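Notes for the one structure printed next.
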Number of protein chains: 2
Amino acid sequence: MANISDVARLAGVSPMTVSRVINHSGHVKEETRLRVLRAMKELNYVPNDLARSLVRRRTDTLALIVPDITNPFFTTVARGTEDTARKNDFRVVLCNSDEDPAKELEYIRMCVSIRVDGVIIAAAGDGSRKNLELLDSFEIPYVLVDRKVDGVQADVVTGDSRMGAFQLVKHLIDLGHRDIAMITGFLTTSTARERRDGYRRALEEHGIPFREAWVKETSYMRNMDFTLVEQLLDCTPRPTAIFAANNFLAVQVIRGLRHRGLRVPEDMAVVCFDDVDPYSLVEPFLTVASQPAYNFGTIATQLLIERIEHGEGPAPSPRSIVLQPEVIIRKSSGH
Amino acid sequence: MANISDVARLAGVSPMTVSRVINHSGHVKEETRLRVLRAMKELNYVPNDLARSLVRRRTDTLALIVPDITNPFFTTVARGTEDTARKNDFRVVLCNSDEDPAKELEYIRMCVSIRVDGVIIAAAGDGSRKNLELLDSFEIPYVLVDRKVDGVQADVVTGDSRMGAFQLVKHLIDLGHRDIAMITGFLTTSTARERRDGYRRALEEHGIPFREAWVKETSYMRNMDFTLVEQLLDCTPRPTAIFAANNFLAVQVIRGLRHRGLRVPEDMAVVCFDDVDPYSLVEPFLTVASQPAYNFGTIATQLLIERIEHGEGPAPSPRSIVLQPEVIIRKSSGH
DNA sequence: ATCACAAATGTTATCGGTAACATGATCGAT
DNA sequence: ATCGATCATGTTACCGATAACATTTGTGAT
């Protein structure tokens, strides 16, 4: 594999001149430039980015760490990230933590050892704090996306989970429901907490008591504990509506209901956070609080790149961007 | 950020000894080893993999290039790849070509410039051949997964598309259908061709003429041309069954049918290749030829790693692993 | 006590680039 | 003709690790 010296030799110049041609830096006479380009082509030369990054102390690489790469919400974030990164000449390494802080830590270690320029992370939970401190200690900038982390000061792009949850539950209440249960992700994630808070506030503002037992907590992932739905159905009184805190939970809820022979919305109203992929669902059906996932990605990436490139002077203090979800009312909540 | 010399100095040894400790190579007295480890911890030292890779001429990194990261089929392949890679101490960089050979080429260039040790690729199409030749010219080993590429000799892990398609269509025929249409991906991908061939063979073996016009070709991606379904519905005679060549196409077909007020399977039978994510679909419903996507990933990765590590001697000649799909009969095909 | 060999550690060169500085050529202005 | 500025290119050092070889120390056998 040819290196820069081979090219230089063939073109009859110094490696530095070749470097200038590659990077469009400094002055190079047009004639020499062409000679170098010809030599590069002839040798099928591709610069070695390891060497380049080593000496430049910069890799032009970002890492995106998400808790679940099979969730369309996060793949959409990933697209936003990637598109924005590419526009700014950054690469993206995509990592999947499986909602597991330990696996997340491994990836963060990797980020350090391959010297990424920055990290965008939807943290596994509050346990991610130590992981993030590792980034801090290496002065690698990062941006939180979708989820805040307790005790961590950083740029953050989130949805207004409290508001979205409030509106969804209010919608149910307006429809006459009073016995509304909730299934949410582990409360170690900020979104689960905020959605529960929004749920709670909506209830209380309408004089409905908040019952701890009606909030079931499980993994946000698709392999959630199926029996939770059963448990809710066995409550007395039985809830007439269920608020699922994300898309996968909603689908599981509906499956659980079907399994018991219950129809949506006739026997049980269902609403949820995040879009449930309409392509897979065949027909849009669920009442949801839809989040602008793509923008989560683009904005987070912009913030990160700003930080990476902000040069001297004091770094901008942590910014918090909150995007509003859009409540889309469809059949699953009844009317 | 501390480097290996800082650690060495603090531990009172040479950098080489530190390197030995890090890599568990050579002999190091237990006492010095501990001293070095203490120094590493004290300085919060993380080795620089750029430098390491540069000199070792090896990055312990694989690239996985898929045409559509939002397709659960490919995310499942990705999981298989990642799990296997990690077990063998490789990292995986995940790349998304969007079924676009040009974007694919950019990623392959990136693979070269960051010197990945190998590539697993579900190629965008036959146009990928030139891209792969680039890898050849740099002697970067690669394995094709899911899709073969015309004129490319390499390890390949595919499903038996012809057989799966044959069985699905035969199933429809056995149910009495004779007017069976097909919607498939671009015929520049091997799977589209093979599925069409399987479809064709099933028809012909049962004395049903193959009609070119009944095979509609479009993108495998979720943004397929919606009007194709309409076109099929306007054929005379109107088909009574549709074979969709992948999961997304099937969902689009069903949406198109719903849009026209047609029920599945009463008014139109539908079968397809690949699983349609049962979690999203709420109820398993589609008759499918299910492929062991996870195994696609694990096997491809094993083959690749073998090639990377095979050392001297003649490289193994290209291997072809063909996995059988499993036809799962459900409601969408009627009975 | 001596020797052969393994263990423990160090030295030097190198991977393939680029930053920083140095040098010589070119050029327009006076 | 002279000079400062800009252009064009080269030289040197270094990024942070490891391979390959060199050296010193330790150990057991005779």
Side-chain angles (χ1 to χ4, degrees), chain A residues 1-37 39-40 43-61 89 109-110 112-117 138-139 311, chain B residues 1-37 39-40 43-61 89 109-110 112-117 138-139 311:
Chain A
M1 207 179 307
N3 65 26
I4 201 171
S5 304
D6 298 329
V7 174
R9 207 170 308 123
L10 182 59
V13 298
S14 75
M16 200 53 224
T17 299
V18 178
S19 174
R20 292 198 179 92
V21 172
I22 297 170
N23 296 293
H24 310 284
S25 63
H27 305 272
V28 178
K29 211 201 298 177
E30 181 62 12
E31 181 198 317
T32 11
R33 205 178 68 84
L34 292 177
R35 204 142 32 88
V36 168
L37 288 176
M40 285 172 53
L43 293 175
N44 204 4
Y45 171 70
V46 176
N48 185 324
D49 273 348
L50 296 171
R52 181 165 197 255
S53 298
L54 182 59
V55 63
R56 294 184 57 219
R57 317 176 118 262
R58 163 150 184 174
T59 53
D60 297 326
T61 302
D89 296 313
R109 285 229 180 80
M110 179 192 89
V112 176
S113 63
I114 68 174
R115 302 303 196 255
V116 300
D117 294 334
F138 287 98
E139 298 179 51
Chain B
M1 206 179 307
N3 64 27
I4 201 171
S5 303
D6 299 329
V7 175
R9 206 169 309 125
L10 181 61
V13 297
S14 75
M16 198 56 224
T17 299
V18 178
S19 173
R20 291 196 179 95
V21 172
I22 297 170
N23 297 293
H24 311 283
S25 62
H27 305 271
V28 178
K29 212 202 297 181
E30 182 61 12
E31 182 198 318
T32 12
R33 203 178 70 84
L34 293 176
R35 203 143 30 88
V36 168
L37 287 176
M40 285 173 51
L43 293 175
N44 204 5
Y45 170 71
V46 176
N48 185 324
D49 272 349
L50 296 171
R52 185 182 146 94
S53 297
L54 183 60
V55 62
R56 293 183 55 217
R57 319 178 115 263
R58 165 151 182 173
T59 53
D60 297 326
T61 302
D89 296 312
R109 285 230 180 78
M110 179 193 88
V112 176
S113 62
I114 68 174
R115 303 305 196 252
V116 301
D117 294 336
F138 288 97
E139 298 180 49

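This is a predicted model, so every value here is computed, not measured. Chain identifiers are assigned alphabetically (A, B, ...) following the order of the sequence lines, protein sequences preceding nucleic acid strands; residue numbering begins at 1 within each chain.
Heavy atoms from other residues, nucleotides or ligands lying under 6.0 Å from CD of A:Glu30 number more than 12.
Rounded to whole Å, the distance from NZ on A:Lys29 to P on C:dT26 is 8 Å. Regarding A:Met1, its CE atom lies at a distance of 9 Å from the P atom of C:dG16, rounded to whole Å. Taking atom CD1 of B:Ile4 as the reference point, atom P of C:dC15 lies 19 Å away to the nearest angstrom. Taking atom CG of residue A:Asn3 and atom P of nucleotide C:dT14, one finds them 13 Å apart after rounding to whole Å. Atom CG of B:Leu50 is separated from atom C1' of C:dG16 by 12 Å (rounded to the nearest Å). B:Met16 places its CE atom 16 Å from the P atom of C:dT14, with the value rounded to the nearest Å. With rounding to whole Å, B:Ile114 atom CD1 is found 17 Å from C:dC15 atom C1'.
The nucleotide whose nearest atom lies closest to any side-chain atom of A:Asn48 is, among C:dT18, C:dC21, C:dG17, C:dG17. Here the nucleotide nearest the side chain of B:His27, chosen from C:dG17, C:dA8, C:dG10, is C:dA8.
Here B:Arg57 pairs with nothing under the side chain to side chain contact (heavy atoms under 4.5 Å, CB included) rule; sequence neighbours left out.
At the heavy-atom level, A:Val18 lies nowhere under 4.0 Å from the strands shown. When heavy atoms are screened at a 4.0 angstrom cut-off, A:Thr17 is found touching the sugar-phosphate backbone but no base atom. Across all strands shown, A:Asp49 has no heavy atoms under 4.0 Å from either base or sugar-phosphate atoms. When heavy atoms are screened at a 4.0 angstrom cut-off, B:Thr32 is found touching the sugar-phosphate backbone but no base atom.
Shortest non-hydrogen contact noted between B:Met1 and B:Asp6 is O-OD2, 4.4 Å. Minimum heavy-atom separation, B:Ile4 to B:Ile22: CD1-CD1, 4.2 Å.
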Dump the intermediate steps for side-chain contact (heavy atoms from CB on, under 4.5 Å) on A:Leu54 and B:Asn48, then the final yes or no.
-> CA-CA 9 Å; A:Leu54 182 59; B:Asn48 185 324; 3.9 Å; yes
Residue pair A:Val46, B:Arg109: steps toward the side-chain contact (heavy atoms from CB on, under 4.5 Å) verdict | CA-CA 8 Å; A:Val46 176; B:Arg109 285 230 180 78; 5.7 Å; no
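The side-chain contact (heavy atoms from CB on, under 4.5 Å) test with A:Val21 is passed by exactly one of A:Leu34, A:Val7, A:Leu37: A:Leu37.
Side-chain atoms of A:Ser113 do not come within 3.5 Å of backbone N or O of B:Asp49 as any donor-acceptor pair. In this structure, B:Ser53 contributes its side chain and B:Leu50 its backbone to no donor-acceptor pair below 3.5 Å.
Residue whose closest nucleotide on DNA chain C sits further toward the 5' end, between B:Glu30 and A:Arg20: B:Glu30.
Residues from residues 54-61 of chain B lying near DNA chain C, meaning a heavy-atom separation below 4.0 Å, are B:Leu54, B:Val55, B:Arg57 in numerical order.
For DNA chain D, the span of nucleotides reached by chain B at under 4.0 Å from its heavy atoms goes, 5' to 3', from D:dG16 to D:dA20.
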